[in-house]
Amino acid sequence: MPELDKTYTPADVESRWYQRWLDDKCFEADPARVSETRPAYSIVIPPPNVTGVLHMGHVLNNTIQDILCRRARMLGKEVLWLPGTDHAGLATQNVVEKTLKKQGVIKHRDDLGREKLIEKIWEWKGTQGDIIIDQLKKLGSSCDWSRQRFTFDPDYNACVMRVFVDLYKKGLIYRGKRMVNWCPSSLTALSDEEVIMKEQKGSMYHFRVEVIDDDTRPQTARPRAVDITEQEEQNAHHEHTRTDPHTGCRTFIHGNRFDERAGPYLSAANRRTVGAAAACLAQSQRTGADAPSGESRREEFRALLATGQFRELNLIDLAQIGIRAFGDEPLAAADESLKQLKAGAEAQPFLDHARGVVYKIFASDASGNAGRKVTVSTSPTARPYIEYEDSHPLEALEKLALLHEIGGLPTEILGVTAQGDWVLAQPEATPVTESEIGAARAEAVALVGGVQVNESGLEDIRVVWHRGRAWIISDLHLRNIMRDSEGKARIMDALIVPVPKSLTARYESVRQAIREAKEKAGILSSATHAQEELSLFPSADRKTWLTIATTRPETIPGDTAIAVNPKDERYAHLIGKHIRRPLPLENQAAIPIVGDEHVDFAFGTGVLKVTPAHDKADFEIGQRHKLEIIDVLHPNGLLNELAGKDLAGLDRFEGRKKAVDLLTEMGAMIKAEPHQNNVGYSERADVPIEPRLSEQWFLKYPSVKESQAVVASGEMKFHPDRWAKVYDHWMTGLQDWCISRQVWWGHRIPVWHAMAKDSDELRAFSEFSNKTGLSKSDSWTEHCLSGVKGEATLVTVYQNNDEGETRIEAVTDSEAEIEKLKSMGFTQDPDVLDTWFSSWLWPFATMGWPEKTSTLKAFYPTTDLVTGPDIIFFWVARMIMAGFEWMGELPFKNVYFTGIIRDKQGRKMSKSLGNSPDPLELIASYSADALRFGIMRSAPLGQDICFDDKNVELGRNFCTKLWNAARFRQMQGGEVETEISAALLSSDDKWILLRLNTAIAEVSAALEEYRFSDATATLYRFFWSEYCDWYIEASKAVLQGSDAKRKANTLAVIDFVLGHTLRLFHPFMPFITEELWHGMGFNTDLPENQGGKSIMFAPWPKPLDEDELAHFGILPEDEKTANDKYEAVNLGRGLKSTFNINKRVRFVLKPSQELPAHEVEVLRILLNAEPLDVDADFAATKGTPSAITPLGTIFLPLDGIIDVEAERARVGKELAKVESELEKVIAKLADENFTSKVPQKVLDEHQLRKTDWQEKLAKLREMMAALG
RNA sequence: GCGGCGUUAGCUCAGUGGUAGAGCGGCUGCUUUACACGCAGUUGGUCGGGGGUUCGAAUCCCUCACGCCGCACCA
């Protein structure tokens, strides 16, 4: 037997074996070898990016593939693991361009031009590309490198061209001017899958636009209100761009007419309503110029909300917010705040029809601010509530919005009628009885303390019960006017929401009464306000304004319409009118108001600006209404001249700021509030993408039905199968795939154009005919232009493109045809294809398609695919479709999705975080085997992996252990792998053979089900805990003994187990197992293809079958014999440890059964006893520590150092535990409920347990008694 | 919003109805002839909360909370 080095040197071993495997062509697949008895097994590698370097994800992915392949080889399959790399268009071009720039070779790619740059990239690929291939080899990957492919290989390119032409002919590829995801950094279109949504904290800008009747009216540079100075108005607007920084709540204010410090600011329009003006002034005076900013109150309000007690709000008048306290103590929650206010309060109760008893308390708040009013009232839902009046209507509305937006609030604002009525729904309100109302009223009265009730107040709110809900109908609407508690009229802003006509009609009389009351008070009735004024803010000159919310004000110059929902009663009547687009300043064009169902009237203001050139949804609206498309952006994201002179040349984000400034200056800006929305980012360039209208090539996915069905039916299996759902979902909502990219490195689109300058189709065609000799009727058919037999071009004539030309489009993948086209003046489409458009052909294009190669025949469809779930759409789904489309068959039978590798903190590994260890460094310091074992051990099925170097360290330790165990065997000398004699098998031998059987079965089953971490766990347990810790230690009894026959037999068992273990380990740790396989001489005498050449072809271990077990005389109960012994050892060791004995000492065993001398010797060695006396009549000195074992009682005689108390304590502790366990079992067995219902098996188990505990208890009691 | 995954020992994770586990870490002891990258012993858990089904629940059902990941999105 050759001698193993004292230490394992992985670096030498790994490079030596890998080279040897390559030299011996161990990885090369031969289709000719495939037969019925030697089935094919194949995997195509997910081709890494040619610029890529190995990261942990690759390690995980490729280790799994290698394990699958190596095991398949051992199972006697013909294995093809087909490797290669991906040309990765954008990424590679970027890398090379950057390198060239760094080297100072170029400043811009145009310096080189297309052809030269591509040359440079090829050059780069030749010298620096494919680094990852060498790295994969370091990992031990057993790929068939002789078949390595690159997606840009000439024959692969031919496949891509062929596929394009085929799809084109099938009518699935088309060119279209559509909205695409445009990357302003890479200057190319991207597919939807390459865009990732990121949450953004931006602003929602509200600005107003002027409604005009038609587009013929003269334009005015800026809207202007009468009776106010420019400065005043600007101030007013400025005030109201303020938003709540904490909540970002919307205010619903359309009017924008209040100055918080100075009180209501009156526009001319408001002055029209005389009473209102007075009211405004009155309130202003009452609250005073130094009225609190509202901030302190806001805080308090938030605090109340946070208690969760205030769940419902009720708008009484627009300056008030009512809060109802629900719960067992209706008012207790509000009590605290109320107490503060009560001091010196003046309460004014009155009866309100809608609200029951209302008490209005006027008070100063804690900080002495005047003008605070609190209303306590009963509600129609029989819950008393408290209302806070704010010094300012605006503030109240802000709170309303705040409440409205807090999840779980039962009050919803539903909408507004044409009359301006609005409806609050209270979905959680429960209808109440008269008596409940009465009780609530009484509570409220009691609270404020016996105040007299008077009737007063305006009948401004009604509650009706409808469909089981309480509906509040109010006459309030925009500029609604009411009396306040002092009897003075006030003007309020309002929420506008529709109410069902049927409902409002029933309350016509109520409204009539209100109107009369208001007229009597000299207040304009809401009825006099015409419909068109609703929701709009009319100014003195009767201009009407619409408020629009947007996140992208820089695109206003590209707006070509305003859209409202035709069902939205607020705005429906405006459809057909126009608005004045505020930007660009020099071109404030009139653009139409269109009705479109797309508009969500619950969102924002319900008015949408339509920018067809810069938003997907807007584009569609534009199509529906035949709107003009104005593109205001350059491809690189700078605003162009169409954006106006103020914005042109600015970056889109700079432009945004500038646009806001412009709107503010002209007084159109109402406010900017914090707004969170999701913005699409280019995954690669990490910049926000720009929806951009451009001419691109699109593909309608082929073979969708089959592809969806194959997974749904389970014919193709996903592991874990939850990904099947994700796949199915995506396949259900497929969007056409934008396949063209505006880069140079890629498969160039095989489409050739000739432009006929004439827009007249016939004349254009005759021009074409002169060149080709084809007639017009030949359009859309294939022709051979070159005259070369079998070659063809598909010719299509498109009339009238944007430039008024006629385009002749020729599509072919034939070189002869291309030459001819070139000579005829055709030019090729400049775009290249999406990289995924080539990699979706990977499973068959790498195998020689379209030829019917023997490789394809033998290895397609492939068996397994191992990849990450992040490319399920990019790659997996598309490969399935391509497989069906061109091979008529699924491309693989199983897909295993790995998890994502995270760091110790659970963060995704990334370059920018720098938290990704370099696998090559790990290999250098721990070995590839260690890395492989470590990562597999921590990779449960499809779960993300928290990666820690500790795992690799553990892998390294495991390798060392394996190495040393092998060395131990070798040091024993003797022949390798001799016959095992059944007669000489010890209980330990039988035990380890049974454990090996279990391990083989477990590992095989785990691998069948892709449970790699389970497999490694079994390997670890079996080899370390069972084989090394117990079996080898027990074997020392024989190996150190003098019985040569037994010794030889034990070595035979050890060899048997090691030989199986190495094979079981090989897929996980290929290098060290190969080294030991040869180093230990397991390869000798084996046929070349059965492990003689390499362990990778040795047969995969099989458990001993029944016959073999019988032959060796191994029974299932043999496992127990050894287990009993090991338990006795554990207990004996425990004794030693308890009494702090760390020397070799004497043990005495008082056996409960006869023990062969060999077993005693094993016991002695495992216990490290010197000596171990077996004495059936042993009478221990009082206080001698002992333990009850399955083999009898073990004593640890401690002459002179007996500590009776310590031993009593120890036994006592154990006694207590046994007693409690026994008690549990007895109780269970005594319970008839249990015994009558439980299956017999469980009952037996419990019975047995009971007997065991009882026996133990008896013995422990004996021991206790012995201790005195 | 819709969907998925997860929550078990200090950490990483097994455990799909019947006596709560592994590795790492911690602590104690041991240089014992394969291995200190080792050996022996030992300490860690009301299995996220609540409810239900059951003789019995970490496991099945409901619900809530938290975390992660997709998808869809509203200007």
Side-chain angles (χ1 to χ4, degrees), chain A residues 4 6-8 196-197 204-205 548-552 555 563 598-600 602-611 615 617-618 621 675 677-678 720 722-723 725-726 729-730 733 869-870 872-873 899-900 902 904 906 908 926 930 937-940 942-948 950-951 953-972 1011 1013-1014 1016-1017 1020-1021 1024-1025 1028-1029 1032-1033 1036 1040 1129-1130 1133-1138 1140-1144 1165-1166 1168 1221 1224-1225 1228 1231-1239 1241-1243 1245-1246 1249 1252-1253:
Chain A
L4 295 176
K6 187 152 195 311
T7 51
Y8 175 55
I196 47 169
M197 300 308 262
M204 174 80 86
Y205 302 95
I548 300 174
T550 182
T551 54
R552 301 201 62 189
T555 63
H598 168 78
V599 181
D600 175 0
F603 187 87
T605 59
V607 185
L608 172 66
K609 74 193 235 349
V610 183
T611 326
D615 184 281
D618 287 6
I621 295 175
H675 181 71
N677 66 337
N678 290 331
R722 67 187 134 94
W723 294 111
K725 245 190 215 172
V726 176
H729 182 246
W730 188 72
D870 48 334
I872 187 166
F873 310 137
I900 295 163
R902 300 172 177 282
K904 264 164 98 176
K908 219 169 170 172
Y926 294 110
R937 197 173 176 283
S938 53
Q943 294 288 347
D944 285 1
I945 297 150
C946 280
F947 185 79
D948 186 343
K950 280 267 179 224
N951 289 310
E953 201 179 310
L954 180 127
R956 190 242 349 234
N957 296 353
F958 194 61
C959 288
T960 308
K961 189 77 179 174
L962 181 59
W963 186 260
N964 280 310
R967 273 184 66 231
F968 173 78
R969 158 63 189 97
Q970 206 174 41
M971 289 167 79
Q972 306 307 314
R1011 290 182 283 113
S1013 66
D1014 288 354
T1016 53
Y1020 192 96
R1021 184 207 67 217
W1024 201 308
S1025 310
C1028 290
D1029 288 351
I1032 289 294
E1033 292 307 317
K1036 285 178 181 171
Q1040 290 164 13
V1129 171
N1130 275 335
R1133 285 171 178 170
L1135 284 183
K1136 257 177 100 170
S1137 154
T1138 311
N1140 266 328
I1141 312 296
N1142 45 37
K1143 280 176 292 191
R1144 188 175 287 182
I1165 285 181
L1166 292 176
N1168 197 22
E1221 290 294 333
K1224 271 193 239 168
V1225 179
K1228 263 191 169 179
D1231 186 354
E1232 188 165 339
N1233 233 342
F1234 178 74
T1235 50
S1236 62
K1237 287 180 183 171
V1238 146
K1241 200 185 122 199
V1242 176
L1243 204 59
E1245 246 173 54
H1246 279 76
R1249 216 186 290 163
D1252 283 354
W1253 288 126

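Proteins come first, then strands; the chains are lettered A, B, ... in the order of their sequence lines, and each starts at number 1.
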Within the 4.0 Å heavy-atom criterion, would you say Ile548(A) contacts the bases, only the backbone, or no part of the nucleic acid? nothing
Sequence neighbours excluded, which residues qualify as salt bridge (charged side-chain N to carboxylate O under 4.0 Å, His left out) partners of Asp1014(A)? Arg1011(A)
Look at all strands and tell whether Tyr1020(A) reaches a base, only sugar-phosphate, or nothing, counting heavy atoms closer than 4.0 Å. sugar-phosphate
Partners of Lys950(A) by side chain to side chain contact (heavy atoms under 4.5 Å, CB included), sequence neighbours excluded? Asp948(A), Glu953(A)
Tell me, please, which residues at least two apart from Asn957(A) pass side-chain hydrogen bond (donor to acceptor under 3.5 Å, both in side chains). none
Taking rU59(B) as the reference, what is the distance to rG48(B) when you measure between their P atoms (whole Å, please)? 8 Å
Spacing of the P atoms in rU43(B) and rG6(B) (rounded, Å): 32 Å
C1'-based separation of rA34(B) from rG41(B) [nearest Å]: 22 Å
Out of rU32(B), rG23(B), rA75(B), whichever nucleotide has its closest atom nearest the side chain of Arg937(A): rG23(B)
Using the P atom on both, measure rU31(B) against rA36(B) and round to a whole Å. 14 Å
Whole angstroms only, please: what is the CZ-C1' distance between Arg1021(A) and rA14(B)? 12 Å
Which value, in whole Å, describes the distance between the C1' atoms of nucleotides rA9(B) and rA20(B)? 10 Å
Sequence neighbours left out, what passes ring-ring contact (aromatic ring centres under 6.0 Å, His included) with Tyr205(A)? Give chain and number order. none
To the nearest Å, how far apart are Asn951(A) CG and rC11(B) C1'? 11 Å
Can you sort out the partners of His729(A) under side chain to side chain contact (heavy atoms under 4.5 Å, CB included), two or more places apart, ordered by chain and number? none
Between rG17(B) and rU54(B), how far apart are the two C1' atoms, rounded to whole Å? 9 Å
Lys1228(A) meets the side chain to side chain contact (heavy atoms under 4.5 Å, CB included) criterion, sequence neighbours left out, with Phe1234(A), His1246(A)
Residues passing the side-chain hydrogen bond (donor to acceptor under 3.5 Å, both in side chains) test with Asn1168(A), sequence neighbours excluded, are Arg1144(A)
A side-chain contact here means heavy atoms from C-beta on lying under 4.5 Å apart; do Asp618(A) and Leu608(A) qualify? yes
Scanning all shown strands, the Watson-Crick or wobble mate of rC35(B) with both distances under 3.5 Å is none
Distance between C1' atoms of rG67(B) and rG23(B) (Å, rounded): 24 Å
Let's test this: given Watson-Crick or G-U wobble pairing with both distances under 3.5 Å, identify the partner of rA20(B). none
Take the protein atom CZ of Arg967(A) and the nucleotide atom C1' of rC37(B), then report the distance between them rounded to whole Å. 13 Å
Pair of N/O donor and acceptor under 3.5 Å linking rC37(B) base with Arg956(A) side chain: yes
Sugar-phosphate only, base, or nothing, as touched by Asp1029(A) at under 4.0 Å among non-hydrogen atoms: sugar-phosphate
Below 3.5 Å, does any donor atom in the side chain of Glu1033(A) face an acceptor in the base of rA34(B), or the other way round? yes
Please pick, from rG4(B), rA34(B), rU32(B), the nucleotide with the shortest atom-to-atom distance to any side-chain atom of Asn1168(A). rU32(B)
Annotated protein contacts, base or backbone, on nucleotides 51-60 of chain B with a non-hydrogen cut-off under 4.0 Å, one of B, S, - each: ----B-----
Go through the structure and list residues passing side chain to side chain contact (heavy atoms under 4.5 Å, CB included) with Asp870(A), not counting sequence neighbours. none
Take the protein atom CG of Leu1166(A) and the nucleotide atom C1' of rU32(B), then report the distance between them rounded to whole Å. 13 Å
From the candidates rA75(B), rC35(B), rG4(B), the one with an atom nearest any side-chain atom of Arg722(A) is rG4(B)
What is the distance, to the nearest angstrom, from the CD atom on Glu1221(A) to the P atom on rG18(B)? 17 Å
Quick one: which protein N/O atoms are closer than 3.5 Å to N/O atoms of nucleotides 41-44 of chain B? Pair and distance per line, please.
| from | atom 1 | to | atom 2 | distance (Å) |
| --- | --- | --- | --- | --- |
| rG41(B) | OP1 | Asn1130(A) | OD1 | 2.9 |
| rG41(B) | O2' | Ser1137(A) | OG | 2.5 |

Measure distances between side-chain N and O atoms of Lys961(A) and base N and O atoms of rC35(B), and say whether any donor-acceptor pair falls under 3.5 Å. yes
Glycosidic torsion of rG44(B) (syn if within 90° of 0, anti otherwise) classifies it as syn
Under 4.0 angstrom, heavy atoms only, what part of the nucleic acid is Val1225(A) near: base, sugar-phosphate, or nothing? nothing
Which residues satisfy the ring-ring contact (aromatic ring centres under 6.0 Å, His included) test with Tyr1020(A), sequence neighbours excluded? Phe958(A), Trp1024(A)
Rounded to whole angstroms, how far apart are CH2 on Trp1024(A) and P on rC35(B)? 13 Å
Using atom CD1 of Ile1032(A) as one end and atom P of rG38(B) as the other, report the distance to the nearest whole Å. 17 Å
Protein-nucleotides 26-29 of chain B N/O pairs under 3.5 Å:
| from | atom 1 | to | atom 2 | distance (Å) |
| --- | --- | --- | --- | --- |
| rG29(B) | O2' | Asn1142(A) | ND2 | 3.4 |

Phe968(A) has an atom CZ; how far is it from atom P of rU33(B), in whole Å? 12 Å
Separation of the P atoms in rU46(B) and rG21(B), to the nearest angstrom: 15 Å
